Amino acid sequence: MKILPVKGTRDFYPPQMTVRNFICDGWKAASLRSGFVEYDGPIFEHLQMYQIKSGDEIVEQLFHLTDRGGRELAIRPEITPTLARMVNQQVNALPRPIKWFSMPRLCRAERPQKGRLREFFQWNIDILGVEDVLADAEVIFCTLDYLRSAGLTSKDVIAKISSRKLLAALLLHLGIAADRLETLYPILDKKAKLPAEAFEEMLAKAVESSATVKTILELMAAHSADDILHIVPDVAANETAQTALDELQRVFGYLKAMGVAEYCRFDMSIVRGLAYYTGMVFEVHDVVGDLRAVCGGGRYDNLLKDFGGPALSATGMGMGDCVLEILLRERGLLTDETFKRKLDYFVACTDAALTSAALAIAARLRAGGASVELSYKTGNLGKQLKQADACGAMRCLIVGQEYQDGGKVVVKEMATGEQSLVSEEMLLNRL
RNA sequence: GUGGUAGUAGCUCAGUUGGUUAGAGCACCAGAUUGUGGUUCUGGGGGUCGGGGGUUCGAGUCCCCUCUUCCACCCCA
C-alpha cells in the first residue's frame, strides 16, 4: 500500500534541505550578530498553555493529543508560551537583558494555502526585561538585518511600524470605552485584508458614532505624527498619546542611527489581531503586496505575568520560512547555482590494486579538513570523472599508473581541465 | 470548517465521439568509451492512469464517493 505524506507537510530532499539550511543559517547568523543566544523547548506542551494566551478557539487550530496518563497535550503551534514558561522558571537566575532566539519547527492544524503549511519553521527573537524602546528598535533592526543579508532591499520589503499604546490612547481619546478596545483590534487589523467598503462596514458596526468611524478611518491612513495631530488636533494635550508618539519617534530615530531607516515606515493600520500587544507593533511585507506578511511582532509586557511569573516586559518577532522562501525565490535570491553542491576533491582510481592507496589519500585529505568523495568502482575513468562532475568536485585526483611508477597523483582542475602531477606530500601541504 | 481547481512515469505534460499491449521530453541506469567529465548516439528500467464503487461488450476518458494538490474564504499566535 502506498503511503502518502501528511497534508500540509514537506519532505526535505537534499536540494530542499539546502534551501532550508540556507534560510536557517541566515537566521542564526543574524541573531548572533545582534547578540541573541539560542534556546529551544519540547515539541509538545500542555494544551492549557496555549489556551492561556489564545483562548479555547485555539484548540481547533492545533494538533492535540491525550497521552496514556490522560494528559491533554498539544504540538507547539508557536514558541512564545514555551519561552514565557522557561523564563519564568528561572527568572531570578537569568542575566538581563534576556535576548533569546529560536528556530522551532511548529505545527498548526489549518488548511494549507500559499505561504502557509501545517508544519513550518519560525525564527523567533525576543528581548525580555527591557522596558525602553531601545529593545523594540533592536528587534526590528535584527529582523531587517537578516532580510538585508539575504539580499532583500527596501525595494523588496518594508517594515510597517505602529504602536498599540498610541492606538489605544487615540481610541480612548475619541471616546471609545476601554472594554471595547479588545474587540476593536481584530477589526482594525483587517484593514489591509478587506476591501475598503467591507472594512468600513465592519467598523461602523463596532463603533456607534459615525463621526468617530470617520476619524478612525482617517487615523488608519496616518503615516506621521503630523498626520495624527492634523486629524485629532486636541490630542496634543493627551499625555498618554504624547508619550506613545514620543516613544515611536525614538524607535524611528534609533532605526535611522542603525542604518535601516529606508526599510521602515510608520503605518497606523498595523494593529495585529492579538489582544496581548501593549506597545510597538510591526509587520514586514513585500513591497508588491501580493504575499501575506513575511513576519510580525511587537511588545507584550503582560505575557509573563499571565503565565504566573513576575511582571517582565518583553518584545519580539516571529518569521515563518514559507512566505520568506516564496519571496526569496521570486526575487531570484535562491538559484540553482547558489545551491550547487561543492566538494573539494573527488578521488578516482583506475586500478583495483590501488584502492587502498586511494582510500588512504582520501582519508588524509579528510583529516586535513577537505571534503572528499570517492568512487566505489575502479576502472572506467570517464565514468568516474562524470561522477566527479555530478558531485560538484572542484578537483579530481587520479590514482593510477603515475602513483605506481613514482608515488604521484594527477590533479585535474574540473573547471579548466588543467592537469598536473603532484606528490602526495605536496597535496597535503596545500590544505 | 466553506467554496472553486486539478490529479496519467521521479519531474513537466500528450492521450481523438468510450475501442488493440497508455506515450513524449527531461531525469535515472547501462553501452558506444577498461586513462579523461559537461556534448553526442544507442539501449534499458520505471505506471494499480490518486484510491474505491458504478454505467458499459469495453473506462485514463462517463457518473458517484473519497484522498491529495493548488487557489480563495474562516483564522492567522
Side-chain angles (χ1 to χ4, degrees), chain A residues 1-11 13 15 45 49-55 57-62 74 76-84 104 106-118 120 122 124 126 185-186 189-190 192-195 198 271-277 281 283 290-293 295-298 300 303 316-320 322-323 326 340 346 348-352 354 375 377-405 409-419:
Chain A
M1 195 190 347
K2 195 188 261 180
I3 310 280
L4 294 168
V6 174
K7 179 203 273 269
T9 62
R10 290 169 289 179
D11 291 326
Y13 286 85
E45 294 272 8
M49 223 171 69
Y50 302 108
Q51 293 168 307
I52 292 175
K53 185 178 139 193
S54 311
E57 333 67 270
I58 201 74
V59 177
E60 299 303 313
Q61 288 160 45
L62 47 70
R76 62 186 179 187
E78 57 169 330
I79 202 168
T80 310
T82 301
L83 169 76
L106 306 177
C107 293
R108 296 178 185 175
E110 297 171 300
R111 186 167 284 205
Q113 54 187 287
K114 190 176 187 184
R116 199 164 75 176
L117 299 171
R118 287 187 161 188
F120 56 97
Q122 189 185 66
N124 281 251
D126 291 275
Y185 292 143
D189 187 56
K190 297 248 186 301
K193 294 155 194 160
L194 288 176
V271 176
R272 312 280 295 151
L274 227 66
Y276 81 169
Y277 288 108
V281 284
E283 287 175 4
D290 50 0
L291 296 175
R292 59 182 66 242
C295 72
Y300 53 100
L303 188 69
M317 181 285 305
M319 179 187 296
C322 301
V323 173
I326 293 169
K340 198 172 178 203
F346 185 92
C349 179
T350 60
D351 186 338
L354 294 172
S375 174
K377 294 175 195 162
T378 46
N380 194 334
L381 183 60
K383 198 131 284 186
Q384 294 184 65
L385 281 165
K386 201 168 183 170
Q387 196 190 337
D389 187 54
C391 290
M394 289 185 284
R395 295 178 203 84
C396 183
L397 304 182
I398 302 164
V399 182
Q401 196 60 48
E402 301 85 345
Y403 188 82
Q404 269 178 328
D405 293 347
V409 296
V410 176
V411 180
K412 184 182 177 77
E413 297 289 334
M414 294 301 284
T416 60
E418 226 172 284
Q419 295 191 174

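We name chains A, B, ... by the order of the sequence lines, and we start the count at 1 in each one. On a predicted model such as this, the values are computed, not experimentally measured, just so you know.
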Take atom [atom1] of [X] and atom [atom2] of [N], then tell me their distance rounded to the nearest Å.
| X | N | atom1 | atom2 | value |
| --- | --- | --- | --- | --- |
| A:Glu110 | B:C73 | CD | C1' | 13 Å |
| A:Lys7 | B:G51 | NZ | P | 19 Å |
| A:Asp189 | B:C74 | CG | C1' | 14 Å |
| A:Leu117 | B:A77 | CG | P | 17 Å |
| A:Gln384 | B:G38 | CD | P | 14 Å |
| A:Met319 | B:C76 | CE | C1' | 17 Å |
| A:Arg76 | B:C76 | CZ | P | 22 Å |
| A:Arg116 | B:A72 | CZ | C1' | 12 Å |

Could you check A:Cys107, A:Pro104, A:Cys322 and say which one makes a side chain to side chain contact (heavy atoms under 4.5 Å, CB included) with A:Phe120?
A:Cys322

Residue among A:Glu413, A:Met414, A:Lys412 satisfying side chain to side chain contact (heavy atoms under 4.5 Å, CB included) with A:Arg395:
A:Glu413

Once you apply a heavy-atom cut-off of 4.0 Å, does [X] come out as touching a base, just sugar-phosphate, or nothing?
| X | value |
| --- | --- |
| A:Gly382 | sugar-phosphate |
| A:Gly297 | nothing |
| A:Lys190 | sugar-phosphate |
| A:Ile398 | base |
| A:Lys383 | sugar-phosphate |
| A:Arg111 | base |
| A:Leu106 | nothing |
| A:Glu402 | base |
| A:Gly417 | base |

Nearest of [options] to any side-chain atom of [X]?
| X | options | value |
| --- | --- | --- |
| A:Val410 | B:G37, B:G35, B:C67 | B:G35 |
| A:Arg108 | B:G35, B:U33, B:A77 | B:A77 |
| A:Lys193 | B:C70, B:G37, B:C76 | B:C76 |

Is there a side-chain contact between A:Lys386 and the phosphate of B:U36, meaning an N or O under 4.0 Å from OP1 or OP2?
no

Quick one: is A:Lys377 getting a side-chain N or O under 4.0 Å of the B:A30 phosphate, OP1 or OP2?
yes

CG (A:Leu62) and CD (A:Gln51) are apart, to the nearest 0.5 Å, by 8.0 Å

Roughly how far apart, to the nearest Å, are [N] and [M] at atom [atom1]?
| N | M | atom1 | result |
| --- | --- | --- | --- |
| B:U8 | B:C74 | C1' | 34 Å |
| B:G60 | B:G15 | C1' | 8 Å |
| B:A24 | B:A9 | C1' | 11 Å |

Could you tell me if A:Thr350 and A:Gln401 have a donor-acceptor pair between their side chains, going purely by distance under 3.5 Å?
no

Looking at [N], does its base get a donor-acceptor pair with the side chain of [X] below 3.5 Å?
| X | N | answer |
| --- | --- | --- |
| A:Lys412 | B:U36 | yes |
| A:Arg272 | B:A77 | no |
| A:Gln419 | B:U36 | yes |

Shortest non-hydrogen pair, A:Glu110 vs A:Arg116, comes out as OE2-NH1, 3.6 Å

